[in-house]
Amino acid sequence: MRPRPQTELHAELRNLRRFRAIALAGFAALLCAPLPVLAQDSPAPGASDDSGQSEQVPREVAFEANALEYDSNADLVTASGEVLLRSGDRSVRADSVTWNRTSGQITAMGNVRAVDEDGNQLFTDSLELTDELKEGAMSNLLLAFRAGGRLAAAEGRRDETGNVVLDRASYSSCPVVDDDGCPKQPSWRVTARRVRYDSETKTIRFDGAYLELFGKRILPLPGITVQADGGPSSGFLVPDVGINASNGFEVTASYYWHMAENRDLLLTAFAYTEAVPMVSAQYRMLTDSGAFQATGYLTYGTRIPLDSTVPTEEKDIRGYFFGNGKFQLDPNWSVTSSLRFALDRTFARRYDITRDDRLRSMIDVERIDDDSYLSISGWVTQLLLVQQPQGLVPIALPLIDYRQRIADPILGGQFEIQANTLAITRTEGQDTQRAFARAEWNLRRITDWGQELTATVYLRGDLYHSDSSILTGTPSYRGRDGWQARGVAIGAIDMKWPFVGSFLGGTQVITPRVQLAAAPEIENLTIPNEDARSIDLEDSNLFALNRFPGYDRVEDGARVTYGLDWAAEIPSWRAKATIGQSYRLTDKPSLFPDGTGLTEQFSDWVGRTEIRYRDFVKLTHRYRVDKDNFAVRRNEIDATLGSDETYLEVGYLRLNRDIDLNFEDLQDREELRAAGRVAFAKYWSVFGSAVVNLTNSEEDPSFTSDGFEPLRTRLGIAYADDCLEFGFTWRRDYVAVADADKGNSFRIYFALRNLGFR
């Protein structure tokens with residue numbers, strides 16, 4: 001090709017500005033954007049053509065290439081050698097780009113890579129477009145979306161609507177390289193005869209789609225759509241299959257409806273061989289101030305009442321509802337709520353929705369700032385698997401609690417006030433109303449010798465009203481009917497004296513602690529006990545001003561509490577231990593029930609030990625030892641050994657307190673819990689768990705425990721990589737409750753991660 005005059009070459013370079021804009025718009029079209037004007041800037045003010053339309057000015061596009069040639073015979077401009085077109089956040093790279101000035105066709109060839117403003121990337125061998133963006137073609141292409149999905153096809157083109165149409169295509173969100181950067185086959189992919197991609201809605205639609213696992217076609221997917229940006233999309237979910245001891249063979253099918261960016265709906269149908277079908281719906285919504293969700297289950301079938309002496313089936317509408325939400329009204333005010341309700345007591349257990357034996361509903365309105373706290377709340381509890389009349393269950397509404405911390409110290413100490421009121425109502429039992437006001441002053445000082453001294457003064461005035469107290473079964477919980485008032489005053493001085501030193505290449509801290517607490521005689525038994533029933537001496541309440549939980553019972557008299565804290569940190573290891581005991585300065589009979597460890601002048605010994613080795617070993621042991629014969633009254637062990645992939649968890653609890661069987665809140669028990677997982681072959685694992693009741697008949701007021709009663713066990717095998725999860729589980733329940741049978745249950749679960757609607 002003969003050299004051309006320099007002035008003519010400059011004219012061609014000016015013409016290339018239009019070529020650059022068209023090429024870049026062609027790249028945008030490859031990603032399905034119907035953008036015929038993206039290659040042009042906004043018109044200058046006042047500019048217009050004869051038709052009254054605004055004149056459109058070509059957009060400046062940065063252009064780089066190693067060589068530029070012009071074939072005057074073919075009227076063809078060719079840029080070659082690391083060609084780069086760039087405009088803003090968009091770019092196109094290729095080995096060569098040609099522009100046929102006669103036909104207007106643009107062709108990018110060789111290692112074409114395009115990146116749009118969203119970070120999505122296109123890789124193809126060749127790209128063809130007209131300068132008007134009416135048509136486009138690609139071959140051997142790969143679209144790598146920023147959200148992680150990848151769409152590959154043998155051929156692609158842009159249709160008349162501006163969307164990309166791909167033939168013989170496949171989609172997967174699985175990584176195609178491993179941790180070492182080596183290529184690998186995706187665990188799953190969706191193959192299709194044809195795929196349409198709409199860049200405006202970021203939607204990928206499949207025609208003739210099939211799901212492939214590990215290269216094998218296993219399941220047709222009619223009507224499937226996927227969001228390329230990783231967002232959710234409407235569609236059917238992969239069915240779940242299982243066998244239930246109560247309902248037989250089970251198939252679960254769900255449809256997910258992405259209603260808007262801030263709300264969705266999940267509709268599910270359950271089919272059983274030994275029960276009528278069940279349906280459920282879950283609605284979720286996100287607002288500017290918070291979020292909420294509501295889930296409901298409904299069926300019509302047979303049930304056996306929990307309290308039925310003769311197991312007779314009854315047909316009825318059965319269901320369960322659960323909803324919760326939280327809204328932050330402004331920086332200080334928030335509303336939190338939860339509602340749970342079942343139409344009968346055994347529905348949730350039979351259909352394996354929840355294993356809770358009580359359903360609690362609540363609402364709480366809170367205001368929090370730097371120095372004050374206000375809560376207005378209410379609580380309602382529905383009994384499920386508890387053999388007790390629902391009418392004896394308290395309804396706590398309203399519960400109002402206000403606390404104010406005085407910003408400026410008083411007498412050098414921190415001062416806080418509190419006001420609290422509570423109304424408890426029972427439809428068939430005792431009703432109680434309570435109100436109190438509290439003031440607490442705390443002064444903390446560090447002496448020259450390093451001792452930490454804390455002085456506390458606690459003052460409170462209570463007012464109670466109660467009626468129908470005779471309906472409460474435990475006499476010490478009743479109090480008296482009518483109005484009752486009392487005053488509470490507690491003073492305490494607490495001293496900690498830490499000693500720091502070296503230990504096995506690390507450091508250790510030994511902290512003796514002693515507390516003197518005193519309160520005058522307090523009226524307790526005339527006051528109903530609603531919130532201080534589950535009393536037990538533990539390491540967590542050993543130094544508390546009042547070792548009763550709640551407010552209705554207050555410990556009086558004078559006592560000295562002493563103990564020792566120890567902590568050590570050495571390379572890779574951390575250990576902590578606490579042990580302590582208290583001594584009452586009077587031999588007056590205690591208010592605490594026998595067996596709680598607080599009845600006599602000297603309390604039992606309580607303590608806790610924690611040991612950690614990196615993130616591999618964690619052991620916590622809590623205990624209470626009888627002061628007289630050193631019998632272990634509480635023995636609680638929680639241990640975890642292993643990593644996230646392979647681990648063993650063991651939990652053991654033994655309460656041997658010799659509690660009076662009439663105190664239903666303080667029964668002794670013994671229980672063993674174990675769970676573990678063993679990973680192998682990189683993505684596979686076996687797992688299992690078990691819960692065993694070791695309580696014997698002497699500790700069980702119903703006298704039904706035999707010392708070894710498995711409650712439920714579970715065993716399974718699972719596969720889980722970065723985009724696919726499936727497995728098989730077996731579970732056995734050993735306890736039948738009404739129409740919730742004991743026996744074996746099996747379930748197969750399957751989940752494709754990152755598929756938008758999963």
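The model shown is predicted, which means the values in this text are computed figures rather than measured ones.
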Presence of salt bridge, [Y] and [X], under 4.0 angstrom:
| X | Y | value |
| --- | --- | --- |
| Arg612 | Asp615 | yes |
| Arg157 | Asp167 | yes |
| Arg196 | Asp207 | yes |
| Glu649 | Arg673 | no |
| Asp71 | Arg101 | no |

Quiz item: Under the side chain to side chain donor-acceptor pair (under 3.5 Å) criterion, do Arg340 and Tyr320 qualify, and how do the steps go?
Solution: CA-CA 8 Å; Arg340 304 178 71 189; Tyr320 168 78; 3.2 Å; yes

May I ask you to test the [X]-[Y] pair for a side-chain heavy-atom distance under 4.5 Å?
| X | Y | result |
| --- | --- | --- |
| Leu166 | Tyr197 | no |
| Tyr613 | Ser572 | yes |
| Ile748 | Asp240 | no |
| Thr729 | Phe687 | yes |

Using a 3.5 Å distance criterion without hydrogens, assess whether the side chain of [X] forms a donor-acceptor pair with backbone atoms of [Y].
| X | Y | value |
| --- | --- | --- |
| Asn262 | Met285 | no |
| Thr287 | Gly290 | yes |
| Thr98 | Val77 | no |
| Thr299 | Pro277 | yes |
| Trp188 | Ser172 | no |
| Thr124 | Ser139 | yes |
| Asn120 | Arg146 | yes |
| Thr646 | Ala679 | yes |
| Ser234 | His258 | yes |

Taking atom types as modelled, is there a side-chain donor on [X] or [Y] under 3.5 Å from an acceptor on the other?
| X | Y | answer |
| --- | --- | --- |
| Thr295 | Gln293 | yes |
| Thr203 | Gln227 | yes |
| Arg732 | Asn744 | yes |
| Ser254 | Thr268 | yes |

Exercise. May I have the step-by-step check of ring pair (Phe, Tyr, Trp, His ring centres under 6.0 Å) for Trp684 and Phe726, ending in yes or no?
Key: CA-CA 10 Å; Trp684 289 90; Phe726 63 87; 5.7 Å; yes

Quiz item: Can Tyr272 and Tyr351 be said to form a ring pair (Phe, Tyr, Trp, His ring centres under 6.0 Å), step by step?
Solution: CA-CA 11 Å; Tyr272 309 99; Tyr351 290 93; 5.7 Å; yes

Practice problem: Calculate, to the nearest 0.5 Å, the distance between atoms OH and CZ belonging to Tyr297 and Phe270 respectively. | Solution: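 One finds 5.0 Å between OH of Tyr297 and CZ of Phe270.
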
Practice problem: Would you verify whether the NZ or CZ of Arg677 falls within 45 degrees of the ring axis of Tyr647 while also being under 6.0 Å from that six-membered ring's centre? | Solution: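 Relative to the ring axis of Tyr647, which defines the angle, Arg677 lies outside at least one limit.
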
Quiz prompt | salt bridge (Lys or Arg N to Asp or Glu O under 4.0 Å) partners of residues 282-291, not counting sequence neighbours, each pair once | solution =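 The answer is Asp264-Arg284.
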
